[in-house]
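What follows is a set of notes on a single structure, which appears directly below.
First listed ligand is number 1; within each ligand, the first listed atom is number 1.
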Amino acid sequence: MNGRGAAGIFAFTADNLKAANAILAKYPDGRQQSAVMPLLDLAQRQLGWTSPAVIEYVADFLGLPAIRVWEVVSFYTMYYREPVGKYRLHICTTTPCWLRGSDEVVRACKEKTGLDFGETDENGLFTLLEVECLGACVNAPVLQINDDYYEDLDADRTAALLDALAEGRPPTTGTQAERLNSAPEGGKTTLLESDARC
Ligand code: FES
């Protein structure tokens, strides 16, 4: 059994039960309920989404009222409250990304996939999601696909990313521009002396 059964039934697999108990062991006595987020993440990775059964299960696991777990799940966009596609496209549209062209990223994603926010295609390949700041504004605009970040995007770079995914060619993560991480394009502009120390 892989734990991806009917949405109405959920239990950790034997391996994930072991992993869940290892997560709980990181918390001080009496504070295990603080493990709600990693346990939800573990459950979501098993089932593919955070179903009502997952929420009930995690609540029981931690001895929490289910509403407390619902509050967490409904606050964070990282938890999917509906089944999602193989590739989840989380487009940041918060101000720094917007100023740097996130509208173009949104347009490219919508044109390539034919989806609007919150939708999944018929083949279960892509899900389109709008999210708030992903904490990588230095390389805005940013698109998070599953666990990876793709940065410094424009419409063409976004379209190329989606083509690569659709063709089963995993794209290189991180910046899509000609620069090292978040260093200036064209090379560094400070600390140019060979003996410079920071
Ligand atoms: S505003 Fe988009 S990553 Fe921060």
Side-chain angles (χ1 to χ4, degrees), residues 23 34-45 47-50 54 69-121 124-191 198:
I23 290 169
S34 299
V36 62
M37 291 188 69
L39 290 189
L40 282 168
D41 180 67
L42 184 66
Q44 179 169 271
R45 286 173 194 275
L47 184 67
W49 63 295
T50 302
V54 163
V69 182
W70 270 107
E71 287 167 356
V72 173
V73 170
S74 60
F75 182 81
Y76 292 100
T77 50
M78 61 196 275
Y79 301 116
Y80 311 125
R81 285 177 285 159
E82 292 177 3
V84 287
K86 180 178 179 184
Y87 298 113
R88 281 80 68 194
L89 311 177
H90 309 79
I91 310 173
C92 175
T93 56
T94 302
T95 309
C97 279
W98 176 67
L99 288 169
R100 293 272 298 158
S102 65
D103 283 353
E104 289 296 294
V105 179
V106 171
R107 184 174 58 77
C109 285
K110 287 185 174 180
E111 282 180 7
K112 273 282 168 195
T113 64
L115 300 172
D116 209 337
F117 287 129
E119 294 180 346
T120 298
D121 64 64
L125 189 61
F126 292 116
T127 296
L128 198 58
L129 300 161
E130 182 175 29
V131 299
E132 300 294 336
C133 180
L134 291 166
C137 327
V138 67
N139 283 11
V142 179
L143 170 61
Q144 180 191 350
I145 304 177
N146 298 355
D147 289 338
D148 294 315
Y149 279 19
Y150 299 86
E151 305 155 354
D152 292 314
L153 294 173
D154 57 22
D156 290 344
R157 288 170 182 169
T158 303
L161 279 181
L162 301 192
D163 284 342
L165 290 172
E167 292 163 14
R169 295 182 286 111
T172 305
T173 59
T175 180
Q176 304 298 302
E178 294 294 321
R179 64 167 160 171
L180 176 64
N181 302 325
S182 54
E185 289 189 52
K188 61 183 184 177
T189 57
T190 57
L191 300 174
C198 54

- Message: Heavy atoms only: which of C97, P96, A140 lies closest to atom 2 (Fe) of ligand 1?
- Response: C97
- Query: Below 4.0 angstrom, N of the basic side chain to O of the carboxylate: do K112 and D121 qualify?
  - Reply: no
- C137 heavy atoms within 4.0 Å reach ligand 1 at atoms 1 (S), 3 (S), 4 (Fe)
- Task: Give a yes or no answer on whether the side chain of T158 reaches the backbone of A108 with a donor-acceptor pair at less than 3.5 Å.
- Result: no
- Quick one: do R157 and D152 make a salt bridge, cutoff under 4.0 Å? no
- Message: Test your reading of the model: is there a side-chain donor-acceptor pair from D154 to the backbone of D156, 3.5 Å cut-off?
- Response: yes
- Query: Which atoms of ligand 1 are found less than 4.0 Å from any heavy atom of C92?
  - Reply: 1 (S), 2 (Fe), 3 (S)
- Message: So, 2.8 Å as the limit: is an N/O/S atom of C133 located closer than that to atom 4 (Fe) of ligand 1?
- Response: yes
- Query: Under a 4.5 Å cut-off applied to non-hydrogen side-chain atoms, are L162 and C109 in contact?
  - Reply: yes
- Task: Go through ligand 1 atom by atom and flag the ones less than 4.0 Å from a non-hydrogen atom of A136.
- Result: 3 (S)
